[in-house]
Structures are given as structure tokens and as C-alpha cells.
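Along the sequence shown, residues are numbered consecutively beginning with 1.
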Amino acid sequence: MAKWSFLSLVLGDITQKGYEKKRAKLLAPYVPQTQDIHTEAVQAALAKHKEQKMALPMPTKRRSTFVQSPADACTPPDTSSASEDEGSLRRQAALSAALHQSLQNAESWINRSIQGSSTSSSASSTLSHGEGKGTSGSLADVFANTRIENLSVPPDVTATTSSSSSSSSARPAAIDLPPSGIVKGMHKGSNRSSLMDTADGVPVSSRVSTKIQQLLNTLKRPKRPPLKEFFVDDFEEIVEVPQPDPNQPKPEGRQMTPVKGEPLGVVCNWPPALEAALQRWGSTQAKCPCLTALDVTGKPIYTLTYGKLWSRSLKLAYTLLNKLGTKNEPVLKPGDRVALVYPNNDPVMFMVAFYGCLLAEVVPVPIEVPLTRKDAGGQQIGFLLGSCGIALALTTEVCLKGLPKTQNGEIVQFKGWPRLKWVVTDSKYLSKSPKDWQPNISAAGTEPAYIEYKTSKEGSVMGVTVSRVAMLSHCQALSQACNYSEGETIVNVLDFKKDAGLWHGILTNVMNKLHTISVPYSVMKTCPLSWVQRVHAHKAKVALVKCRDLHWAMMAHRDQRDVSLSSLRMLIVTDGANPWSVSSCDAFLSLFQSHGLKPEAICPCATSPEAMTIAIRRPGVPGAPLPGRAILSMNGLSFGVIRVNTEDKNSALTVQDVGHVMPGGMMCIVKPDGPPQLCKTDEIGEICVSSRAGGMMYYGLAGVTKNTFEVIPVNSAGSPVGDVPFVRSGLLGFVGPGSLVFVVGKMDGLLTVSGRRHNADDIVATGLAVESIKTVYRGRIAVFSVSVFYDERIVVVAEQRPDASEEDSFQWMSRVLQAIDSIHQVGVYCLALVPANTLPKTPLGGIHISQTKQHFLEGSLHPCNILMCPHTCVTNLPKPRQKQPGVGPASVMVGNLVAGKRIAQASGRDLGQIEDNDLVKKHQFLTEVLQWRAQATPDHPLFLLLNAKGTTVCTATCLQLHKKAERIASVLSDKGHLNAGDNVVLLYPPGIELITAFYGCLYAGCIPVTVRPPHAQSLTATLPTVRMIVEVSKAACILTTQALMRLLRSREAAGAVDVKTWPTIIDTDDLPRKRLAQLYKPPTPEMLAYLDFSVSTTGMLTGVKRSLLWLEARKAFRAVKLWIQCRLGAQKSLLQRREGGLWSGHQEFCCCLPLGEQGILPGVKVVIVNPETKGPLGDSHLGEIWVNSPHTASGYYTIYDNETLQADHFNTRLSFGDAAQTLWARTGYLGFVRRTELTAASGERHDALYVVGALDETLELRGLRYHPIDIETSVSRTHRSIAECAVFTWTNLLVVVVELCGCEQEALDLVPLVTNVVLEEHYLIVGVVVVVDPGVIPINSRGEKQRMHLRDSFLADQLDPIYVAYNM
């Protein structure tokens, strides 16, 4: 075997780099693997899932959506992968070649995409759980997903073909989408049912259907925990409250007793204050090095001696107190707060400024250098500065020049910051203090020394105030615990402005006359091994690092082999509280033990801004056994209980200790929520510390301070245990055997889901263990929870490597979901990948969690990949409703009482009361009324036309309308040679011209047919509807404007319809001043008045006949604007909709329009009917509204008669309970009648009718009826870039289609927002979210959405969506 391998190396033409790679591959099986425990557990958990092979539907993307942001340009190559540059060049070449080829030959492009090329529009086939690649055979899949021309095409449903023919991308005002030759009641797809598998007319082979089927298969898996079957109609109790698991582990130990650290030893030469130590070393050991700064390459650039530190601090203190204002009005007084704004690569200037402030007795507040006006968290820093009353900021000359400036050269006003005066602290600007001036150095007391800022979980910034005595005590405790001795060298990789970097590198340093080598973060980014080199070069005794520094040093280890770490007696790992610190420490030790690193030198510690250093592992004795590890059950931890893991090693958390309590300190563990009750010995809680060395308060926040800094623990009975106040540390943990402290997480990272506690850091560790190197950029993963539908939901956001393929990313995402599910037994609500370098950063380059969460909730995160899993996470939905039994024939009794309820019926006033009027008898028809009004009130304005700004652009008085109508009647007679009864199409935009043409037709005895004009930008979509209505109505003539006449005969129109077959077209722009000798008077009121054609929302074209009797009845009433209240099944709120004008009711039965609390129109009877049984319903029950009145429409206008449909809609009877056998017309609307407290004119209580929505649009989900408009209204509010929204159901899944009017990178932001709002407001889980271009949702001539057409287009894959997300 080895011989053949060697031969292939000799024969093949191979580079040195290639040889190394191949050699490593061959030797891999024989090299011992140092794999950490967590990774092994994750791989074992994933291996279990491999057997199931459940296919997840992969999201569909348009190619342009996931073209990565130019991260390559702004990102240094990731040191963790070899041949990065080579790969990116190859990638660019492949991409340009593929694009060039696609323009020539689509087929070869498709073949490339099948082979898994990174240029394919999306993964063609769906990946199985366990397999690296999907099945390769699905060519149709790829073809459906591949668009060479990236145009936004509104679907043309007017043609029978399924392809889109229009290339216009502008949104038309209205897209008319009628079925091709059907006038009423028949769906477009009914004549080709033989090609279809489903009744809904969707091709079986559709890729979308396949993916939805996959989604349904995925959702069939059992949930954890199972849904309880119950539903209570109270708002608070509408959701399922998780019941405690009877088998959950409970703490069994005794109540813990506080643990004490060793006493703080009294050393004879410890100074009375830290400033005294500086004075001592500055005077007696002036030449000793104090601090060495490095340049960008990692070479020492400047060393500050103790003498220089003392003299320069003295100069600064004198300047601050005496030179900033006048003698009588100094700018600063002792006790004032001052901001310290120094960059992370200038520790020398910071140290001088810090000690200068201490000597001047002003309180330094170190903050980060603001880079832009809107830094992540910058506004909260401004809040801190304001609450501390800071008016002065100290900085360096170089830093000041680098701050963002206005055009006048002044420093910009940072968002939320108070106005600051900037003081430069470079030596040349400082005044030398006179010989007789000495700073006031008193013994350390409780007055504030400095304020350290801390960012909370919600993103607010608070200032932890540290007193001078606490600062001194903390330095003493650290000196004792770390056994510091004078002159030792320490290497500090941490931020020197706060936390352990400040405590060890700036404060304890001066107390013990140490020499600190400060390694800035910028050096670590370019040379991760620089701190190891500094330890080697300076023979350093102590190094201060974080886990990430160990990790990156291991990654870069091959660059330098001749380093020695034998001088280190302490490697202090300051984030030893992290769950992955144990893995980093083990791996680092195994690699560097051969370089002299001693196992006992690794000293994890735990710190917090409030309690400062909580515990630290003391340096061990060579050869002594290392402390043991705790291997804890993840399940036990989620219930807050310590259980040694014995069953499943995959769901175990291995934690190392962080040593013992600090000298002079005392520690207890209290319950994390509720009163500070002491935990039992086997219970996880928040670590609290009592010590002189801790913070004293949050500056200016007395309420929060009391809860954190003045905690008195209580026992189980609630009585206080002692009177010593403790400080909450914000860390979760327990005290183990031998009084060793173990930390298992942070309060800020606590995620409480369904009553169980999970830790964000643990979940990040699991994500990183799932082969993240291929997908995740520099291991950058953020985990947080959002509150959705009465519970916390876990969100995982990771930065995606610029070179990660779609398939790799999707596979990593699905594997992470499985791993978290297996190991933590919790579902992830949303997993998002964002382009590299786009998550908001903390000053040292970490992820700013609270800002990331804010971006996620605002929809400004711009993910490039997203996976939502609401079906697995949301287990507290109400139980699906059971259908209630209706009123049966046997229940109907005398007095209309049904099981104690009235039948839901109501009626308006009797018409007879109104018709006694002489005028009504005299002027029977609307034409006669207009003629009479033209004489009686000629100047009364009947109509006003307003423009978009609300100003009047045109009016029509009674006389003007009458005269224009006469002229139009004359033109129809002369030019059109029309007879009474001929149909005339009126093609006008809404306005006064349409109204005059309408009355002109009535004057001439013609039948007006109002049609919405075609849209010039989308003639192919809108003109066929016009053509069809003209044909179906057998119109003898078209009345229109000159502009529209030209459009009907244009070349563009000829491309859509046959323009030669239009009937006579008459334009009414220039009318002759001529009138008819005799105006037409209809012989009977039953004569046809006009035809109303419309495409319904379900895609049917219907023509409804309106008689003159109908018009006659309408004139008795004013059109009313009204509020229609509707109540949806399980929803608690009454949604209010405003509807006004004549035609907002269902087109067939306008008499039901002005219904609402004003009551019902005169002459109208209403009954609420069960649409399935056609039996009456009880009061307040939701059903179809049926009406009986003298003025309903008289029937459908049709070229062939269908009596059954006509009878069913216009003349139908109740199946029982109506002895009078009344004939009713069905409105197609859902509503209910409710008796109100108001009194009608008759003295009886008033019946109000509420209209909820159209029956044929209702969605039935979970046993409840939903109206699309309500869900759509909620969705439209969620993001400014949602232009329009439509919803429909498919195989019991709710599909939400949103039009994106912003840039395409916002497309994926909408997926979680849409899912959240529908869940919160409607208690529904969205199955599929489809993001499309503006203008894709079809609109009919009345401005209504055609949801069924949209559904058919989606399932036939004709939408060209920007993104389709299948929620798991």
C-alpha cells in the first residue's frame, strides 16, 4: 500500500504544498488524534441521526440573493485553512467562466450545477441528514431552480400556457387575471384535470410540491414534549402552560453553608494605598521597567519605567487640578468623573492617565474609542457618561486626530453622548508641577477609585464603582493567590482597560513592582503566536490569556517551533468559566508540553465586573496530581441540578474547576430567580461573594445596586442567614468537593425554555463542534433567546465563510439542529448564517450579542441562509378546536328559541314607510331624479374628484352632470347607431368621466358595462381581461378617452390581443354640443340597468345583472361609511376595518354593504346560516349572511344558462326552520348577528350585524376559521420593506407570500419576522414563507388579491421567488 502511494508521488507532477497535504492524508490514520470531549460527543450524537435519513427541504434561492457581500475584500484570510488564496482565485475564475458559459449554453451550465459547482442557483436536491451530498438525479429540480435571465416577471395567467410571457418589472396598478374562456363558476384548471393529480389543479411533478411533501414528512416526526389537548378561552391561559415533568431530577442535598477562602495574610511592606506603592517605586526604583508596549508587528516599541510613570502621572494630576480652568473656577474637583478614551494598542498613555487621575483624586471611567457616530452599543456608553456627569475626556493626540470629525473639523457629536471637552495627555502638553506641590495620598478608604463599565444582557451599560479600599484589597488578594514577587515579568493579552487585564496588568503590577508586556489585540489578529514568543523572549513567569488565544496559538503553531514556555509558573486562563475552556486547555497543553509548558501551570479563574476575581486555581506543585473534572448530566443541569453523568456520554458537560475562593473572601450559591435563597449542595445557582475586594455599586442606579451589591441570603423558610451582604457575580455554578469552585455558565447567557435552563455558551460549543471549520467564519457564533408566544425561543446566528458552498452551509445547519436537539434536548427556533464580518462587534472583536439580537428583531441582520424550526419548538399552542354541533331541525321551537338562544336573524325598517313620499312616486328612476335635480338644484355639487394630495381637481354639479350625459346619449345615437338595450363598455379610470358616461348610457337606453382600463406597463397581463369582458357582454360599442383609444389600437396591444376585432370605439374627450330630442324612459322597473363584471379573488369572472328596480331602491339610502367589527375564532381582539363607498360589498348583493352597528338597510331581512347544512344559526354564531330584499341583483349575465347556480345564489331557501319558505340571496360573506344594548325606533333592542369576511377566502386551520386579510395585515406591519402580502393554505400548511420592495439582501430578514407575528397574533405556525418581487401578487380589477391564482403559480413554480423558506 505504502509503496503504491510513494510511487504515485514520484510519478505525479506534485508541488511541495501538495506533497505535504498528501503525506498528511496518508499518515493520518497512524497519528494519535487529540480530539476534545465535546467534539466526540457531538459526532456520536450525529451518528445516531445518520440512521434516520430524514430529508429536510432545502430553501430555494434566486442566485443574486446569496452572492456574498464582498467579505473577501474586507476579511483577512482565515488562518485556520490552508491554500485559501488559491481557492478564492479558483472560485472567482470558476464563477466568471460559468456565467460566460451560461449565456452561450444553458444546458452545460445546468450540468455544472448538478455536479455541485458553487455557482449553482441553490442545492438542486435535498440533502439527507447523514449524507455529504444529495442524490444527484434530479435534473428537473435544478432546471426549475435555474434562471439565466434574472427578470422580475408578473405571471400571465390569462394564457393557457404556464410560462410567463411578460418582461416588465414595474408593478401594474392592477393585474387582471381571468381564466381563459369561462364566464362564471368554473376554475381555469377544470378542463385539464386529466393532467393533474390534485383537485386544486397543481402539476404533480412540481418541485415546490415535492419540497412541501418533504416538509410534511419532516413534521410527522414526534415532537418533544407532546402537545397537550386542551384549550381555555381566557387570554392569560390560552396557551399551554408546561407541566413539570414528574421524572425530572430534584435537588436532594442539604442546604449549603457559605465557603470561606484562606485569610488575607498581613504582609509588612504592603502599602496603605496603591498610589503610595507608585510613589515608593517611582522614587526608589525609577529605572525598573513597569510596562512594555509592542508595535503592530509584535516587537517591543517602548518601555515605561516606574520613574517615568510617577513623574508623568504627577504632571498630569497637577495639570488636571490647576491648569484646565481658572484658580477660582477649576474645571475639575476631587471626586469628579473623567472619561479615559485610549486605543487598545497604547497601554503606556492609558496607564499614565489612570494613575494621573488617581493622584488628582478624580475618578477615571475607561471606555472604548468611538469609531463611528453609530458604534454598536455606543448610545448606551453615552448613557453611562451622562449618568456619571462626565464633561471631560482624556485622550492622546494621535487618537484625537483619528476620531470622526464634522466638515468644520470638530469632533462629531456621538449618538446619545453628552457634550465633552477633550484633553490631550501627551507629555508636551502637560505643565510640570512646582517643587512644593505634592498630591494628596491618604490611606485607602471607601471613596470611589474608578468606574468599570459593564454591558448587560439587554445591551444597557452600567458603571461598576470600585472604591480605593476595594482596589487595594483586590490587589492584595491577587498578590497572595498568584504568589507574585517583585520584578517578575507578566505577559498580558487581555484588554488593559477592564477586568483581569486591568487588575493584573495595571494595578497589581504596580503594587508588586512587576514588569507587564502588553500584547494588543491587533497584533494577535495578524500574529496569534506573538504572546507565546513574548513569554519565550522575556522568560515571563505569568501569562494572562483567554481560551481564544490558546486556540489561535495552536492554529499558528507550525509557524514557529523553537519557543519555550518553561519559564511560566502560571498561565492564567481568565475565561475558565467557559464550557469549552477545558478543551482549549487540554489541547494547548498536549501541544506545548513538549515546549516546556508544565501541566500545573494552567490556572483557570472566574471573574465578573461586580465581584471582581471570584476564584482562581493556585499554581500547583510539580508532580502533584491535577484537580479532577466534573462530568455532569446536561439534562440535570437544565433543571438546575448537579448529577454525575452515567448514562449517555453524548449529553454530558465536562467542566474544570476554577480553583478556590479568593483570600479574605466568602462565597455562597443562591437560587438564580426569586429571593436569594441558599441552594442545596447538589443544586446550581448564582455565585455570590462577600469580600472587601469587590464593586460597591452601579453608579447612579440605587435600585439595581441594592439587588446586586447588598444581597442577604435567606434559608428555605425565608429568614436571613447572617447579616453580611454578598455581591451577585452573574455566574452560575456550585462548590464541589474540596471547596473547589465550578462555573457552568453566566446569568447573561441563560436561556429558559419551557421551564428548563440552557446556557448560550454550551450551545455555541456544540455548534463549533459540528465540523464548523468549513462553514463558520473564525468560529463566530452568537446564541440568544427571543420571546415569542409566551416562551423563550433559541436563535443561533453564525458568520458564514465567504467560500462556503450552499450545500455545505445547509448541511452544517441541519447537523447543528440535530446536535443541539440530541445533546441539549431543546429545539432551535431559528438558525441564521450571515456574511463574514457583518455581525456587530465588541471593541475587542467579539460578537456584540445584544446588538445582534436587536438587528434580528428589527429585520436588519441580512442573513444569507436561514432555517426556522417553529414546528419543533412551539409546543404550547392551544388545542385545535373541535367543530361545535349546529342547530338541528329538532331544536327549532316556537318563539325562535334554540337551546336558550334566538335564531340569528334581523331586519331593517319597512320600505313602505319611506315610499309614501310624493316625490318618490313621481320620479321613479335615477335618470328622472337627475333631470329633476338639474332643474331644482342646478348648482349643487354632486361629485368632487380629489388628487393624491387631497386637493379638488374636478367637480360635477347636478346641471353639469345632466348636460354632459345628454351629449353622450346623443353621440351614442349618432356615431354608434345604438338602440335601446344595447350593451356599451365604459373604459375609464375611476372619476367623473366614468359617472357622466354611465348616466349618458341610461339616458340613451343602453346598458353600461363598467370595465377597469388596461395598465399601459403590463398590457399583456391586463388587456386580455378587457377583451374577454367585451366579448362576453357582446358590447356594441366602447366609450373611452382618446389616450386609452390609442392604447387599444397600439402595436403593444396587438401583441396581446387581436386589435382588429374591437367593436366601435368612441372617445368622449371632445363632445359635440348636441342633445337627444327625447330621453329614454324604461317601461318597467324590472328592466336591466347595467352589468357588473369582475374577476373574483378566487379567479372567477362573473357578470352580474342589475335591474332598474335595484337602482330605484338604492336611491332611498345614503352610502354609509362604517366600521365593520370582526371577531376571529380564537382571537381575543376585535379587528376594526374601515369600509366605505358603494361597491365595497360582495358584487352580487350590494344591499348587504351598509351593515354594521348602524343597522340594516330598509326593506332588508338578514339571517345567519350554516353554509354546509343551510340551516339557521343561533345568535352570535358565525355563519354565512343571507339576505332577502326587493333590490338584490337579478342573476348572473351569461352566454349560456345555468339555472342551478343561479337558483342557489339568488333564490335559495333554508333547509329547515322557515315556515314562510322565504327566498334568500346568498352574499358569500361570513358574519354574525348580535343583539345590542341599544334600542331601535320600534322600542325593541337593536340587532347589529357584523361582517367578518368573504366565505370563499376563509382558511380553516387547527379547527378555526381565519381570514387572509387579518393575517396579511399583521404581516404587512412587521417590516418597512414588505410592499404587499398574500396568504393561502396548501396541504394544511400556511403559505405566506410577501413582496419585497427593498434590496434583495433583506429578503431573509423577513422570514423570522413573518413567522413571529403570525404566531404571536394568530396562534398559527407558518409552513412556508415566499419572498417575491413587487407586482407578483395578482390583483383583480377591484384591487383584490387573487390568492388562488397566486397559489397555482407558486405550486407550478412560475413565481421566480427571491427566496422560499420551508419552516421545520
Side-chain angles (χ1 to χ4, degrees), residues 267 269-271 274-295 297-313 342 344-356 358 471 474-476 478-497 499-521 523-524 530-545 549 563-572 574 596 601 603 616 619:
V267 178
N269 65 346
W270 268 353
L274 198 59
E275 301 90 325
L278 173 60
Q279 185 177 24
R280 175 185 169 193
W281 304 128
S283 315
T284 63
Q285 305 277 338
K287 295 242 169 82
C288 283
C290 170
L291 177 69
T292 297
L294 306 183
D295 66 8
T297 62
K299 300 284 187 299
I301 189 173
Y302 179 79
T303 296
L304 179 72
T305 61
Y306 277 93
K308 277 281 183 213
L309 174 60
W310 168 246
S311 63
R312 286 171 65 181
S313 302
Y342 290 88
N344 288 316
N345 58 1
D346 199 347
V348 171
M349 292 296 281
F350 173 81
M351 195 169 189
V352 170
F354 192 89
Y355 279 100
L358 292 185
M471 178 170 74
H474 189 227
C475 290
Q476 291 169 347
L478 283 177
S479 304
Q480 183 173 324
C482 300
N483 201 9
Y484 282 130
S485 54
E486 285 177 25
E488 279 189 324
T489 303
I490 64 175
V491 171
N492 178 25
V493 190
L494 310 176
D495 183 359
F496 50 76
K497 296 193 292 296
D499 213 73
L502 173 70
W503 306 330
H504 289 263
I506 303 287
L507 305 178
T508 310
N509 166 0
V510 167
M511 182 153 178
N512 294 288
K513 203 193 77 178
L514 306 177
H515 176 201
T516 302
I517 317 288
S518 188
V519 183
Y521 182 67
V523 172
M524 289 294 295
S530 56
W531 71 270
V532 177
Q533 292 160 354
R534 289 299 107 212
V535 170
H536 170 74
H538 294 268
K539 302 282 183 288
K541 298 280 185 189
V542 178
L544 281 159
V545 296
D549 307 316
V563 289
S564 167
L565 298 181
S566 57
S567 62
L568 276 184
R569 62 178 189 82
M570 279 188 94
L571 177 60
I572 301 175
T574 54
C603 299
I616 186 166

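Between V535 and A543, the shortest heavy-atom contact is CG2-CB, 4.2 Å. Contact detail for S479 and T508: the closest heavy-atom pair is OG-CG2, 3.5 Å. L294 approaches S518 most closely through the heavy-atom pair CG-O, 3.5 Å. Residues G298 and V523 approach most closely at CA-CG1, 3.8 Å, considering heavy atoms. In terms of heavy-atom proximity, W531 sits nearest to V493 at CB-CG2, 3.6 Å. Between A500 and T574, the closest heavy-atom pair is CB-CG2, 3.6 Å.
Partners of A481 by side-chain contact (heavy atoms from CB on, under 4.5 Å), not counting sequence neighbours, listed by chain and number: I616, R618, M662, P663. With sequence neighbours excluded, no residue forms a side-chain hydrogen bond (donor to acceptor under 3.5 Å, both in side chains) with N483. Under the side-chain contact (heavy atoms from CB on, under 4.5 Å) criterion, K539 pairs with S567, not counting sequence neighbours. For V348, the side-chain contact (heavy atoms from CB on, under 4.5 Å) partners are L291, A293, Y302, L304, R312, D346, not counting sequence neighbours. Listed by chain and residue number, K497 satisfy the side-chain hydrogen bond (donor to acceptor under 3.5 Å, both in side chains) test with D495 (two or more places apart in sequence, or in another chain). Under the side-chain hydrogen bond (donor to acceptor under 3.5 Å, both in side chains) criterion, N509 pairs with Y306, T516, not counting sequence neighbours. Residues passing the side-chain hydrogen bond (donor to acceptor under 3.5 Å, both in side chains) test with W281: none are found, sequence neighbours excluded. Legend: residues meeting side-chain contact (heavy atoms from CB on, under 4.5 Å) with H536, ordered by chain and number and at least two apart, are V563, S564. Residues passing the ring pair (Phe, Tyr, Trp, His ring centres under 6.0 Å) test with F496 are F350, sequence neighbours excluded. Take W310 and apply the ring pair (Phe, Tyr, Trp, His ring centres under 6.0 Å) test, not counting sequence neighbours, and it matches no residue.
Rounding to the nearest 0.5 Å places SG of C603 at 10.0 Å from CG of L568. Taking OH of Y355 as the reference point, atom CG of L278 lies at 6.5 Å (rounded to 0.5 Å). Separation of atoms NZ (K299) and OG1 (T292) is listed at 14.5 Å; rounding is to 0.5 Å. Interatomic distance, H538 NE2 to I517 CD1, rounded to the nearest 0.5 Å: 4.0 Å. Interatomic distance, I506 CD1 to C475 SG, rounded to the nearest 0.5 Å: 11.0 Å.
The shortest side-chain heavy-atom distance between C288 and H515 does not fall under the 4.5 Å cut-off. Taking 4.5 Å as the limit, some side-chain heavy atom of M524 sits within range of a side-chain heavy atom of D549. Looking only at side-chain heavy atoms (C-beta outward), E486 and Q285 stay at 4.5 Å or farther from each other. Contact of the S485 side chain with the K541 side chain is not registered, since no non-hydrogen atoms from C-beta on lie closer than 4.5 Å. Residues M351 and S313 have side chains not in contact (no heavy-atom distance under 4.5 Å, counting atoms from C-beta outward). Using a 4.5 Å heavy-atom cutoff, the side chains of L494 and D499 are not in contact.
Within a 6.0 Å radius of NZ in K513, other residues, nucleotides and ligands contribute more than 12 heavy atoms.
When the options I572, V542, I490 are evaluated for a side chain to side chain contact (heavy atoms under 4.5 Å, CB included) with C482, the one that passes is I572.
Without hydrogens or angle criteria, T305 side chain to A286 main chain gives a donor-acceptor distance under 3.5 Å. Side-chain atoms of D295 come within 3.5 Å of backbone atoms of T297 as a donor-acceptor pair (strictly under, hydrogens ignored).
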If you apply the rule side chain to side chain contact (heavy atoms under 4.5 Å, CB included), what do you find for L309 with V352, and how did you get there? CA-CA 6 Å; L309 174 60; V352 170; 4.1 Å; yes
Working for side chain to side chain contact (heavy atoms under 4.5 Å, CB included), residues N492 and H504: CA-CA 8 Å; N492 178 25; H504 289 263; over 6 Å; no
Starting from the C-alpha separation in whole Å, work towards a yes-or-no answer on side chain to side chain contact (heavy atoms under 4.5 Å, CB included) for L507 and H474. CA-CA 9 Å; L507 305 178; H474 189 227; over 6 Å; no
